[in-house]
Amino acid sequence: MERVEVAVVGGGPAGATAAERAAAHGAETVLFEQGVPREDREELGPDSTDAAGMLDYWIDIMDFEFEEIPDEVVLCELEGTEFVGPNSAVKLTTTGMDASYSKFGYTFHRARMDDWLYERATDAGADLRVGTGVSDLETDLRSESSKGPTHTLTLSNGDQLEAQYVILADGPQRRITLEALDQFTPPGRSISEQLSPPEANHIAYQEYREFPPELFEEFEDTLKFWWGYMPGETAYPWVFPNDGTVARVGLTMPIGMRLEDVDNPESYALLDPEDDQLPSGSEYITRLLELEYGDEYDIEEDIPIVEDRGKSKGTETYPISSTRPIDSPVGANIAVAGGAMGTTSAFHEGGYHVAVRTGKIAGRLAATDSLENYNEIWKRAIGDEILRNVSFADIVKEYEPDDWDWAFDVVTDMQGDSSGNALLNRTYSAGIGATKILAAYKKRKFTYRNGKYVQFNEDDYMY
């Protein structure tokens with residue numbers, strides 16, 4: 001049987017960076033990625049589907065310098081973001097976070113970014129096997145290896161491979177992660193139940209659309225989000241500027257939500273009285289474009305789908321995990337990274353940055369026989385980011401359209417006379433509304449202090 005030191009399951013940003021770091025630190029490393037086709041890629045590659053925006057401080061979280069990233073990856077440098085409510089809107093021109101990158105952020109070509117990470121992993125000496133998935137993982141806790149448990153991976157082609165360490169990076173779908181971790185959970189508890197309930201996860205859909213130049217100018221350097229337009233926790237449409245006059249128009253919505261679950265369907269601009277079920281992703285986008293631009297433009301003629309982009313004919317569908325993260329069973333020589341561990345969030349549209357960072361940490365520690373430190377180190381690296389995301393997502397969980405208008409009016413007041421100040425600044429001068437938001441935020445952060453945002457702790461595993 002083939003044997004390696006580090007096996008990485010999944011080839012997204014977490015997996016690619018894990019493989020690169022492990023190989024760079026001298027470990028014999030192999031990565032398995034089932035691979036998917038894309039209209040804009042000649043060969044199979046990772047499931048590179050994301051709205052693909054990067055905020056300024058996220059670059060630092062990834063532990064990259066902006067100058068390292070190839071020019072062809074970056075599509076559009078951003079000056080700010082606009083949040084639109086049913087009757088109110090606010091624009092922010094700073095994240096309010098310390099960052100080495102000088103602009104608000106940038107949009108990027110996700111497939112090219114993933115391919116660049118693959119090049120780095122290959123150059124470091126990792127063996128990347130795209131087109132070969134993993135169908136099963138068995139852990140031998142009684143292994144006679146001096147480094148502890150070992151693992152047998154059964155591949156999609158029937159072959160088997162033994163690895164000392166395994167890094168699970170199979171994204172929010174967690175095809176291998178759930179079963180692999182459930183073998184270490186105590187009776188009455190299940191990783192599968194905690195990471196995969198429909199109400200805690202989302203599906204995202206986007207289309208590449210060509211905009212008339214005069215219309216594209218409205219958001220050519222700005223991310224735009226519509227809140228309170230469609231029902232569901234953390235459900236919203238967006239427009240991300242791309243290259244030329246192409247933008248990605250997309251949305252995020254909870255998996256499994258039904259129209260009968262909506263308390264006030266008449267209050268949502270993208271629902272019609274005639275609806276007998278919630279619209280599909282494509283129907284939602286058509287309704288958004290009609291609502292915003294239909295008076296002046298024929299949507300299908302003037303803002304067409306660009307069919308040679310994206311995953312399939314100008315469209316992409318992908319899952320986003322919206323659960324709180326889990327610790328890894330490091331006592332079994334297993335680390336879970338990126339979306340598979342629940343670090344991504346529908347609230348901020350994915351989590352490429354935290355996937356990259358957790359992958360880097362897992363790969364380095366596995367290669368240096370230090371994986372027992374993984375849970376401590378990833379919290380130190382991205383814990384503040386996870387705490388912010390979890391806290392804000394909790395605050396807006398029950399928001400309806402009127403609540404979003406109120407929140408955006410409050411943020412506008414909080415910005416005062418200095419346009420662009422970050423959320424939660426100037427709370428005193430903004431009055432009781434700002435104080436209410438700040439108090440709710442601090443309360444949630446206190447609830448999740450000291451790593452309590454983790455929903456399954458290292459000590460919960462049984463070996």
Side-chain angles (χ1 to χ4, degrees), residues 12 36-41 45-53 75 83-84 107-111 114 171-174 196 198-211 219 223-242 246-259 261-262 265 268-272 275 277-294 299-300 303-323 339 344-352 393:
V36 297
R38 287 178 61 93
E39 297 287 348
D40 53 7
R41 179 187 277 140
D47 196 357
S48 305
T49 47
D50 200 329
L75 298 174
F83 300 103
V84 181
T107 60
F108 64 100
H109 193 297
R110 167 72 190 265
D114 286 349
Q173 293 171 310
R174 306 181 180 98
S196 62
E199 63 269 18
N201 289 282
H202 289 69
I203 194 74
Y205 172 81
Q206 68 177 358
E207 297 175 352
Y208 290 72
R209 294 265 184 169
E210 181 87 46
F211 283 74
F219 49 81
L223 303 178
K224 194 168 182 177
F225 301 88
W226 286 262
W227 288 90
Y229 277 66
M230 53 188 292
E233 178 186 347
T234 321
Y236 55 91
W238 69 73
V239 171
F240 279 34
N242 218 33
V246 174
R248 282 162 285 177
V249 188
L251 57 91
T252 300
M253 57 185 176
I255 294 172
M257 189 176 185
R258 302 170 301 170
L259 183 60
D261 299 326
V262 182
Y268 294 95
L270 299 186
L271 294 185
D272 292 337
D275 288 335
Q277 61 182 7
L278 290 178
S280 64
S282 60
E283 178 60 24
Y284 264 133
I285 287 179
T286 298
R287 291 183 185 185
L288 174 71
L289 294 174
E290 289 284 357
L291 181 67
E292 293 291 315
Y293 312 116
I299 301 305
E300 297 309 316
I303 313 177
I305 294 177
V306 184
E307 293 194 351
D308 62 348
R309 302 288 186 97
K311 191 174 177 181
S312 177
K313 299 187 181 302
T315 69
E316 297 182 347
T317 303
Y318 52 96
I320 299 177
S321 171
S322 298
T323 62
T344 58
S345 167
F347 181 75
H348 65 44
E349 182 45 46
Y352 201 96

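The structure displayed is predicted, hence computed values, not measured ones.
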What's the spacing between Ile305 CD1 and Glu207 CD if we round to 0.5 Å? 4.0 Å
Determine the minimum heavy-atom distance between Ala235 and Pro254, stating which atoms define it. CB-CD, 4.0 Å
dist Glu292:CD -> Ile299:CD1 (nearest 0.5 Å) comes out at 10.0 Å
Nearest atoms (heavy-atom pairs only) where Gly256 meets Asp261: O-OD2, 4.4 Å
Residues Trp238 and Ala204: closest non-hydrogen pair is CH2-CB, 4.2 Å
Please answer whether the main-chain N or O of Ile285 pairs with a side-chain N or O of Arg287 as donor and acceptor at a distance below 3.5 Å. no
Please answer whether the main-chain N or O of Tyr236 pairs with a side-chain N or O of Thr252 as donor and acceptor at a distance below 3.5 Å. no
With a 4.0 Å cut-off, would you call Arg309 and Glu210 a salt bridge? no
Can we say Asp308 and Lys313 salt-bridge, meaning some charged N sits less than 4.0 Å from an Asp/Glu carboxylate O? no
Step-by-step side-chain hydrogen bond (donor to acceptor under 3.5 Å, both in side chains) determination, Tyr352 to Asp114: CA-CA 10 Å; Tyr352 201 96; Asp114 286 349; 2.6 Å; yes
How would you list, by chain and number, every residue that makes a side-chain hydrogen bond (donor to acceptor under 3.5 Å, both in side chains) with Ser312, sequence neighbours excluded? none
Are Tyr284 and Tyr205 an aromatic pair, judged by ring center distance below 6.0 Å? no
Could you check whether the rings of Tyr293 and Phe211 sit parallel, tilted or perpendicular, using 30° and 60° as the cut-offs? perpendicular
Heavy-atom closest contact (Pro237 atom, Leu288 atom, distance): CB-CD2, 3.6 Å
Given Arg209, His109, Arg248, the one that forms side chain to side chain donor-acceptor pair (under 3.5 Å) with Asn242: Arg248
Please name the pair of heavy atoms, one in Gln173 and one in Pro319, separated by the smallest distance, quoted to 0.1 Å. CG-CG, 3.5 Å
Minimum heavy-atom separation for Leu271 to Pro279, with atom names? CD2-CD, 3.6 Å
Kindly compute the distance separating CG (Leu270) from CE (Met230), expressed to the nearest 0.5 Å. 7.0 Å
Once you round to the nearest 0.5 Å, how far does OH of Tyr318 lie from CZ of Arg110? 9.0 Å
To the closest 0.5 Å, what do you measure between CG (Leu223) and OG1 (Thr107)? 7.5 Å
